[in-house]
Amino acid sequence: MSELFTRYIHLPPRIQEERHVGPLGRAGLKPVPRIKGWHRAFQPALEVADAPNCYLVRLDLPGVRREDLEVTVQGEELVIQGCRNPEPGHEGPWRGERGFGNFTRKVQLPEHVDSNRVEAVLNSGVLTLTVPKWQPMTPRKVRVGHQRRFIHFGS
Amino acid sequence: MSNLLVHRPTSLRTPLTEGLDPFTSMNRLLNWDPFQEMFGMTFPRSLSRLSESGMALIPPLEAKETPTSFVFKADLPGIKEEDVDVSISGNRLSLSGKREAETREEGETYLTYERNFGAFNRTFTLPELVDTDKVNAELKEGVLTITLPKVPEARAKAIKVKEIK
């Protein structure tokens, strides 16, 4: 039985992860069977925040280069797609849980956004997209003046 | 706001679709713990489930062993270098740190969140001693790479076989 478990351990065979047994059970990631030429798919985590003036869309894209990333607005959809390639010099007997490959995430935009002014910043593996909302018309006070009376007294 | 729709990947949807992914099914089978079943423990089996559900941060990690060194890589997006702590004692490598969420502004509400924040700690036992003075750790574009050269005595050395006539 133990052989079955160790065969599929996710790290190189001689490196062991210390698994803490606590109230939550065994810590650490589940072992992933490693098939040659296969790796986990990369699925970036996404977050959408609703700020007063804009929507903030954040994605975790560690190790994704700017040139491998494409952000488009297709109709009412914000599409973030790209490819996560292993770093140069990644050859060798790597084993682990990191995923690579193509990814696509889509966010349906509400109607009241200005999709022409979407800003994207990639910083230390986090992509932040700022989707500005249409500035609501602030109620403007219209002064009501006194109309001058022109009273013409006849004849 | 309710018309803002996020397309979720299959892995984050209901467990109903879980069976379609051979890797997930395989994982579940390999992680089956008979004792857990017998004693009816209802704790989550491993933290990875917590991580997937957005409750705990476990950075995905990768390792390799070469004849001269051990190399570790971890995905740490949005983590500042001062928040990562790499320490070695003997043959134990400990990687810990914390990831803080971006500052939340007044009037900001979250519509969807899959990103995990908090503290993490992963410890590994290496089969050999490493040269602690030459350990190199660098963080680039959210990927941490730790290179641990083996001590010269532990390196694999080819021994020439002499033929005695």
Side-chain angles (χ1 to χ4, degrees), chain A residues 4-5 8 10-12 14-18 20 23-33 40-41 43 45-52 55-56 58-65 77 87 90 92-99 103-111 122-126 128, chain B residues 1 3-7 9 11-12 23 26-28 30-31 36 41 43-48 50-51 58 60-66 70-71 73-80 92 102 104-116 122-127 139-143 145:
Chain A
L4 183 75
F5 283 93
Y8 291 102
H10 55 270
L11 289 172
R14 279 155 30 92
I15 300 172
Q16 296 289 319
E17 176 157 19
E18 290 178 16
H20 306 280
L24 291 172
R26 278 184 301 164
L29 284 186
K30 288 175 192 173
V32 178
R40 272 193 171 200
Q43 190 62 254
L46 184 140
E47 186 181 271
V48 182
D50 181 6
Y55 288 102
L56 286 165
R58 294 194 190 97
L59 281 104
D60 285 345
L61 300 172
V64 176
R65 274 156 288 184
E77 262 184 353
E87 296 81 22
H90 191 268
W94 284 99
R95 296 181 75 173
E97 312 122 0
R98 296 171 74 219
F103 61 87
T104 308
R105 296 294 321 249
K106 290 175 184 176
V107 179
Q108 184 92 41
L109 296 172
E111 281 155 21
L122 183 65
N123 187 18
S124 65
V126 178
T128 309
Chain B
M1 248 151 284
N3 54 358
L4 194 135
L5 204 115
V6 177
H7 297 264
S11 61
L12 294 162
F23 287 97
M26 189 69 152
N27 268 334
R28 218 179 30 226
L30 289 167
N31 270 285
Q36 201 146 20
M41 293 181 186
F43 305 126
R45 257 180 226 153
S46 79
L47 279 180
S48 98
L50 284 178
S51 182
I58 301 169
L61 197 134
E62 218 173 24
K64 92 172 167 180
E65 185 186 351
T66 67
F70 298 102
V71 194
K73 273 187 189 181
D75 287 346
L76 304 172
I79 296 184
K80 283 163 260 162
R92 287 171 82 234
E102 286 82 7
R104 200 167 156 173
E105 275 160 47
E106 190 79 23
E108 227 177 87
T109 48
Y110 281 83
L111 303 170
T112 180
Y113 41 92
E114 300 158 12
R115 300 167 72 220
N116 302 324
R122 295 187 78 173
T123 307
F124 304 91
T125 315
L126 304 170
L139 188 63
K140 194 193 168 203
E141 290 169 353
V143 179
T145 311

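Naming: A, B, ... by sequence-line order, numbering from 1 per chain.
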Practice problem: Would you check, one step at a time, whether the test side chain to side chain contact (heavy atoms under 4.5 Å, CB included) holds for B/Leu111 with A/Tyr55? | Solution: CA-CA 10 Å; B/Leu111 303 170; A/Tyr55 288 102; 3.8 Å; yes
Quiz item: Does B/Glu114 use its side chain to pair, donor to acceptor, with the backbone of A/Leu46 at less than 3.5 Å?
Solution: yes
Quiz item: Which bit of B/Lys73 is near chain A, if near means a heavy-atom gap under 4.5 Å: side chain, backbone, both or neither?
Solution: both
Exercise. Could you look at A/Leu56 and say if it's the side chain, the backbone, both or neither that has a heavy atom under 4.5 Å from chain B?
Key: side chain
Quiz item: If you tally heavy-atom pairs under 4.5 Å against chain B, which of A/Gly125, A/Gly63, A/Ala51, A/Pro62 wins?
Solution: A/Pro62
Quiz item: Nearest heavy-atom pair of A/Ala45 and B/Arg115: which atoms, and what distance?
Solution: CB-CG, 3.8 Å
Self-check item: Shortest non-hydrogen separation from B/Pro77 to A/Val126 and the atoms involved
Solution: C-CG2, 3.8 Å
Quiz item: Side chain, backbone, both or neither: which part of B/Arg92 has a heavy atom under 4.5 Å from chain A?
Solution: side chain
